[in-house]
Amino acid sequence: TMCAGIAGGRSFPYPVSANTRKPELQCLRFPSGVAPGAKLLIFKVTSASSSQADPTSVINALDYVEFIHGDGKQVNIVCIPMGSTSYNREIRNRLSALQCLGIIVVCAAGNATRDGIAFPACCGDTLCIGACDANGARCASTPIGQQLDFLAP
C-alpha cells in the first residue's frame, strides 16, 4: 500500500492545531503521489499468516492483468514492490508475456544487500528500483547491482 500511495495517492486535507495554546484548527494538505489520477488495481499475494508472497498468487495476479489487458482495459505498468531470493520460471514467463504486450514492469531491488538484487528485479528487462534517503543517497538496505536502474524515496 505504501508503493500504491506513492504512485497514485491523492492530496487530502488534514486538520492540525495551528498553535497548541489555541484550539482552532488549520487544514494542511498532504502531498499527492506522482500520478494522482492513475487507476490502480491492487492484488494481495501474501497469506494472512505470512509476509512472503505465494508464487501461485503472484502468477494468478499476473494472469489476470494479461486477461484484462486483452479484454480492452489499458494496463500500462505492473509494479511488484517485493522480491525473492529464488528464481521462479512461471513468474518470469508471465512477466515476459506482459512486456511483449507493451506493459512496463517495475520491481523492487530488495531489502537485503547481502543477497544482491532480488527476483524479478534482477532479470534485466524490468525497471529495478532501489531506495534512497532524502538527500538522494542509496539506503544501506538497497542492494548494489548492475541491474539497479533508479533510486526513489
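Here the structure is a predicted model, which means the values were calculated and not measured.
Counting all heavy atoms, side chain and backbone alike, G83 lies closest to A118 at CA-CB, 3.8 Å. Nearest heavy atoms, M82 versus P120: O-CD, 4.3 Å. Closest of all the heavy-atom pairs between A131 and T142 is N-OG1, 2.8 Å. The two residues C128 and A109 make their nearest non-hydrogen contact at SG-CB, 3.7 Å.
At distances below 3.5 Å, not a single donor-acceptor pair connects side-chain atoms of N135 with backbone N or O atoms of A137. Checked by atom type and distance alone, the side chain of S84 pairs as donor or acceptor with a backbone atom of S86 at under 3.5 Å.
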For this session: Show your reasoning for whether side-chain contact (heavy atoms from CB on, under 4.5 Å) applies to T85 and F119.
Result: CA-CA 6 Å; T85 56; F119 172 81; over 6 Å; no
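L101 and I59 fall within a single hydrophobic cluster, where Ile, Leu, Val, Met, Phe, Trp and Tyr are joined by side-chain heavy atoms under 4.5 Å apart, directly or via other members.
In this view, T46 and K44 satisfy the side-chain hydrogen bond (donor to acceptor under 3.5 Å, both in side chains) rule, not counting sequence neighbours. The ring-ring contact (aromatic ring centres under 6.0 Å, His included) search around F43 returns Y64, not counting sequence neighbours. Shown here are the side-chain contact (heavy atoms from CB on, under 4.5 Å) partners of A152, two or more places apart in sequence or in another chain: I129.
Remark: of the listed residues T126, L127, V106, L127 is the sole one forming a side-chain contact (heavy atoms from CB on, under 4.5 Å) with D149.
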Could you list the donor-acceptor pairs under 3.5 angstrom formed between side-chain atoms of residues 66-81 and any protein atom two or more places apart in sequence or on another chain?
| from | atom 1 | to | atom 2 | distance (Å) |
| --- | --- | --- | --- | --- |
| H69 | ND1 | V75 | N | 3.2 |
| Q74 | NE2 | N76 | OD1 | 2.9 |

Only pairs under 3.5 Å count here: list side-chain donor-acceptor contacts from residues 91-99, not counting sequence neighbours, and write none if there are none.
| from | atom 1 | to | atom 2 | distance (Å) |
| --- | --- | --- | --- | --- |
| R92 | NH1 | D125 | OD1 | 3.2 |
| R92 | NH2 | D125 | OD1 | 3.0 |
| R92 | NH2 | D125 | OD2 | 3.0 |
| N93 | ND2 | R89 | O | 3.4 |
| R94 | NE | D63 | OD1 | 2.5 |
| R94 | NH1 | E90 | O | 3.4 |
| R94 | NH1 | E90 | OE1 | 2.7 |
| R94 | NH2 | D63 | OD2 | 3.4 |
| S96 | OG | R92 | O | 3.2 |
| Q99 | NE2 | D125 | O | 2.8 |

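Note: C132 SG to R138 CZ = 11.0 Å, rounded to the nearest 0.5 Å. Between atom CG of residue L148 and atom SG of residue C122 there is a gap of 12.0 Å, rounded to the nearest 0.5 Å.
Screening residues 130-153 for ring-ring contact (aromatic ring centres under 6.0 Å, His included), with sequence neighbours left out, gives no hits.
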